[in-house]
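To keep things clear, I will list the structure first and then write my remarks on it.
We count residues from 1, following the sequence as given.
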Amino acid sequence: MTDRTVRFTESFFDRLEELLPSERGADGTPSITDFISLEIPSIRDRLALDAMNATLPTALPDVRVCISAGNLVRGFVAYVTIGDHDVEVFHISFDAD
């Protein structure tokens, strides 16, 4: 098993902008920056180490999902494609409440 390079696409970050505010909320709602610094490293490391076992297949043959509990959000689903040497994370879903 070899480590893969993990890339987060522009559409992934566009989606984060839809889900999270640019500034941390007074009620503790995480910001985009909070998510990038506290959630993305663990997603990246998990996918780099063993992308196939860290994900589940979907109805689309080239798309897999990484489902996990989060530090800032209860849980998330990251949508990825896996190549021989890389992983591309292109979408994310979660409930920010």
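Under the 4.5 Å side-chain heavy-atom criterion for ILVMFWY residues, no single connected hydrophobic cluster contains both Y79 and I92. M52 and F90 fall into different hydrophobic clusters, where Ile, Leu, Val, Met, Phe, Trp and Tyr residues are linked whenever their side-chain heavy atoms come under 4.5 Å apart, directly or through other members.
In terms of the salt bridge (charged side-chain N to carboxylate O under 4.0 Å, His left out) criterion, R46 has no residue partners (sequence neighbours excluded). Annotation: ring-ring contact (aromatic ring centres under 6.0 Å, His included) contacts of F76 (sequence neighbours excluded): none. Every residue meeting the side chain to side chain donor-acceptor pair (under 3.5 Å) condition with T9, not counting sequence neighbours, appears here in chain and number order: S11. A search for salt bridge (charged side-chain N to carboxylate O under 4.0 Å, His left out) contacts involving E10 returns nothing, not counting sequence neighbours. With sequence neighbours left out, T58 forms a side chain to side chain contact (heavy atoms under 4.5 Å, CB included) with L60, V63, V65. Every residue two or more places apart in sequence or in another chain was checked for a salt bridge (charged side-chain N to carboxylate O under 4.0 Å, His left out) with D45, and none qualifies. With sequence neighbours excluded, the residues forming a salt bridge (charged side-chain N to carboxylate O under 4.0 Å, His left out) with R24 are D34, listed by chain and number. Residues passing the side chain to side chain contact (heavy atoms under 4.5 Å, CB included) test with L38 are L72, sequence neighbours excluded. In this view, D27 and T29 satisfy the side chain to side chain donor-acceptor pair (under 3.5 Å) rule, not counting sequence neighbours.
The shortest side-chain heavy-atom distance between D86 and V6 does not fall under the 4.5 Å cut-off. The shortest side-chain heavy-atom distance between I40 and F12 falls under the 4.5 Å cut-off. Side-chain contact between L20 and P30 is present, with at least one heavy-atom pair separated by less than 4.5 Å. When side chains are defined from C-beta on, V87 does not count as touching T5, because their heavy atoms never get closer than 4.5 Å. Within the 4.5 Å cutoff, side-chain heavy atoms of F13 are placed close to those of I36. Under the 4.5 Å side-chain criterion, counting only non-hydrogen atoms from C-beta, L47 is not in contact with R4.
S93 OG to I67 CD1: the interatomic distance, rounded to the nearest 0.5 Å, is 10.5 Å. Taking CG from L16 and OG from S31, the interatomic distance works out to 10.0 Å, rounded to the nearest 0.5 Å. Annotation: the span from R64 atom CZ to L56 atom CG amounts to 6.5 Å, rounded to 0.5 Å.
Remark: side-chain polar atoms of E39 are paired, donor with acceptor, to backbone N or O of N71 under 3.5 angstrom.
Here ring-ring contact (aromatic ring centres under 6.0 Å, His included) pairs that include residues 27-56, with residues two or more places apart or in two chains, are F35-F94. Pairs engaging residues 36-65 under the ring-ring contact (aromatic ring centres under 6.0 Å, His included) rule: none recorded [sequence neighbours left out].
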Step by step, would you call F8 with R44 a side chain to side chain contact (heavy atoms under 4.5 Å, CB included)? CA-CA 9 Å; F8 293 83; R44 180 202 59 224; 4.1 Å; yes

